[in-house]
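Everything numeric here is computed off the predicted structure, so don't read it as measured data. In what follows, residues are counted from 1 in the order of the sequence shown.
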Amino acid sequence: MFTARRSSSPLLVSALTIATVLISGCQSHSATKTTPPPAPKPPTVATSSAVQEKAIGEGLYEMALFSSSSTLYVASAQSFKNDNGGVLYKVNPTTLAITGLTHTDLKNFGVASQPDNDFFYTTNSLDGTVSKVEVKSGKVVKRLALSKKNSKGETDGARELLWVGNELYVGAVANPGYISVIDTHTFTVKTRIQHAGKWVTGLLYSPTTQRIYAGNGSGEILVINPKNHRIEKRWTTGESKTNLFLNFAEDPATHRLFVTDNSQGKATYVFDELSGKVIKKIPGDSLGIKFNAQRNELYISQRESKQVLRVDATTYAVKQQWRFAGAPNSLLLSDEGKTLFVTVKQELNKDYSAKGPDSLVRIDLSAH
């Protein structure tokens, strides 16, 4: 349906460099090693019976789970050096067997879905577009460009997505950044939230506060009213160094917002949603994060430390560590809180080619 394009231009290298420090992107190049938060007692390491890992392919990023059809989709950008386009992998969430492939002409990164819906969305970050995909067939049925090329032939990157009601929010990897608001019925841009700081990163909607939280590379958390699309507040840590907030999780019962920062901060920050103040700082490199209300646990992926932490959400003590040969990246938690999925990336060579296929991990949380 679409025309393939090459992925070896200087523009790719520039965009890829930006992506290395954003959200669930490519490898972090910091050489600084950090230690995980201290625990009252040594955390345990997962047993093989609870963890399944399967090599899938290069360039794995975010995922979407559809429990009604027992389907897990994994977005892939494939190789940045050798491959045109990407792949959407259709996977059995129990066995991790690949049950279908959709080869796309553009590279896939972020994913957003809504329960019991027939479609999901994926960003084609390097090209600044969003693709609408049918769950049953895996076919790309529509595509929407969110920015025009400038005089240098560059487009603003489209990274994270968030589905709220009948709207889709897409953060722009641009300076200045902005958030596109898409009407999911017409699949058109209805408005843009401007003045969103440098590089819009993670997005999360709180059903308790009825606000959208957006992170950026300017060290801000934007508090957005989805009814009028206005930025109402801008939270910061108050630290002298600049934070680059990446991903969010929330405990609505205690009004806590968990935010990862793997730039200068190298920590997970806990904000009080009522005051906008930091109430806890968990040291250690961090990228993906999920909160499990059923088990009162946090899960944090650490690319540099090559592990996923299982953290007590009350004491912030590390209960368990899942260690991998590759670098854990994106996280996905099943609705019932019993299963955690992880994409694990391989190291990159100097020319941005991967040293091996990325893998998909399934962790049975009820086994421990």
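- Donor-acceptor pairing under 3.5 Å is lacking for the side chains of Asn117 and Ser113.
- Between Asp118 and Lys132, no side-chain nitrogen of the basic residue sits less than 4.0 Å from a carboxylate oxygen of the acidic one, so the salt-bridge criterion is not met.
- Grouping the Ile, Leu, Val, Met, Phe, Trp and Tyr side chains by contacts below 4.5 angstrom, directly or via other members, places Leu298 with Val270.
- The pair Glu134-Lys139 fails the salt-bridge criterion, with no side-chain N (NZ, NE, NH1 or NH2) lying under 4.0 Å from an Asp/Glu carboxylate O.
- Contact check on Lys266 versus Asp285 returns no salt bridge, with no Lys/Arg side-chain nitrogen under 4.0 Å from an Asp/Glu carboxylate oxygen.
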Could you pull out every donor-acceptor pair under 3.5 Å between side chains of residues 96-103 and any protein atom, sequence neighbours left out?
| residue | atom | partner | partner atom | Å |
| --- | --- | --- | --- | --- |
| Thr99 | OG1 | Lys90 | O | 3.2 |
| Thr102 | OG1 | Gly138 | O | 2.6 |

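- Judged purely by atom type and a 3.5 angstrom limit, Thr129 has no side-chain atom pairing as donor or acceptor with the backbone of Ala145.
- Each salt bridge (charged side-chain N to carboxylate O under 4.0 Å, His left out) pair with one or both residues in residues 180-197, not counting sequence neighbours, appears once here: Glu167-Lys190.
- Using modelled atom types, one side-chain atom of Lys107 and one backbone atom of Gly85 make a donor-acceptor pair closer than 3.5 Å.
- Within the structure, salt bridge (charged side-chain N to carboxylate O under 4.0 Å, His left out) pairs that include any residue of residues 197-212 comprise Arg211-Glu232 (at least two apart or interchain).
- One side chain, Ser359 or Glu53, offers a donor N or O that lies under 3.5 Å from an acceptor on the other.
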(request) Determine, step by step, whether Tyr269 and Phe248 satisfy the ring pair (Phe, Tyr, Trp, His ring centres under 6.0 Å) criterion, reporting the C-alpha distance in whole Å, the side-chain angles of both residues, the deciding distance to 0.1 Å, and the verdict. (result) CA-CA 10 Å; Tyr269 293 86; Phe248 294 104; over 10 Å; no
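- The pair Glu273-Arg256 fails the salt-bridge criterion, with no side-chain N (NZ, NE, NH1 or NH2) lying under 4.0 Å from an Asp/Glu carboxylate O.
- Ring-plane geometry between Phe245 and Phe271 is classed as perpendicular, the angle between the planes exceeding 60 degrees on a 0 to 90 degree scale with a lower cut at 30.
- A donor and an acceptor atom, one from each side chain of Asn84 and Asp105, are nowhere located under 3.5 Å apart.
- Across every non-hydrogen atom of Tyr205 and Glu250, the tightest pair is O-OE1, 4.3 Å.
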(request) Kindly determine whether Asp251 and Phe258 satisfy side chain to side chain contact (heavy atoms under 4.5 Å, CB included), including the steps that lead there. (result) CA-CA 8 Å; Asp251 179 7; Phe258 308 99; 3.9 Å; yes
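- Residues Val344 and Tyr299 fall within the same hydrophobic cluster, defined by Ile, Leu, Val, Met, Phe, Trp and Tyr side chains chained together at heavy-atom separations under 4.5 Å.
- Residues Ile212 and Leu161 do not share a hydrophobic cluster, clusters being chains of Ile/Leu/Val/Met/Phe/Trp/Tyr side chains in contact below 4.5 Å.
- Between Thr268 and the options Val259, Ile300, Leu309, a side-chain contact (heavy atoms from CB on, under 4.5 Å) holds for only Ile300.
- For the residue pair Leu365 and Leu333, the shortest heavy atom distance occurs at CD1-CD1, 3.7 Å.
- Using cut-offs of 30° and 60° for the angle between ring planes, the Tyr213 and Trp235 rings count as tilted.
- Residues Lys355 and Asn349 have side chains in contact (heavy-atom distance under 4.5 Å, counting atoms from C-beta outward).
- Checked against side-chain hydrogen bond (donor to acceptor under 3.5 Å, both in side chains), Asp272 has the following partners two or more places apart in sequence or in another chain: Ser275.
- In summary, the aromatic rings of Trp163 and Tyr121 are positioned with their centroids under 6.0 Å apart.
- Between Arg303 and Asn329, the side chains place a donor N or O and an acceptor N or O closer than 3.5 Å (distance only, hydrogens not considered).
- The shortest non-hydrogen separation linking Val200 to Gly171 is CG1-CA, 3.7 Å.
- Relative ring orientation between Phe80 and Tyr61 is described as perpendicular, the plane-to-plane angle rising above 60° on a 0-90° scale split at 30° and 60°.
- At distances below 3.5 Å, not a single donor-acceptor pair connects side-chain atoms of Ser366 with backbone N or O atoms of Asp364.
- In this structure, Lys241 pairs ionically with Glu239, as a charged nitrogen and a carboxylate oxygen lie closer than 4.0 Å.
- Applying the salt bridge (charged side-chain N to carboxylate O under 4.0 Å, His left out) test to residues at least two apart or on different chains, the pairs with a partner in residues 216-228 are Glu220-Arg234.
- The main-chain N or O of Glu160 is never found under 3.5 Å from a side-chain atom of Thr123 such that the two would form a donor-acceptor pair.
- By the salt bridge (charged side-chain N to carboxylate O under 4.0 Å, His left out) test, Asp156 is found to be paired with no residue, residues two or more places apart in sequence or in another chain being considered.
- Side-chain N or O atoms of Asn216 include one that pairs as donor or acceptor with a backbone N or O of Ala196 at under 3.5 Å.
- Contact check for Thr209 versus Val223: no side-chain heavy atoms found under the 4.5 Å cut-off.
- Under the 3.5 Å distance criterion, the side-chain polar atoms of Asp358 are matched with a main-chain donor or acceptor of Gln346.
- A donor-acceptor pair under 3.5 Å is formed between the side chain of Ser76 and the backbone N or O of Glu58.
- Between Thr339 and Glu336, the shortest heavy-atom contact is OG1-OE2, 4.1 Å.
- Placement of Tyr169 and Val130 in two distinct hydrophobic clusters is found when ILVMFWY residues are connected by side-chain heavy-atom separations under 4.5 Å, directly or transitively.
- Of the possible donor and acceptor atoms, one in the side chain of Thr122 sits under 3.5 Å from a partner among the backbone N and O of Gly110.
- Within the 3.5 Å criterion, the main-chain N or O of Thr94 finds a donor-acceptor partner in the side chain of Gln52.
- Between the side chain of Thr343 and the main chain of Ser330, a donor-acceptor pair closer than 3.5 Å is present.
- Follow the hydrophobic side-chain contacts under 4.5 Å out from Val181 and you never reach Phe187; the two are in separate clusters.
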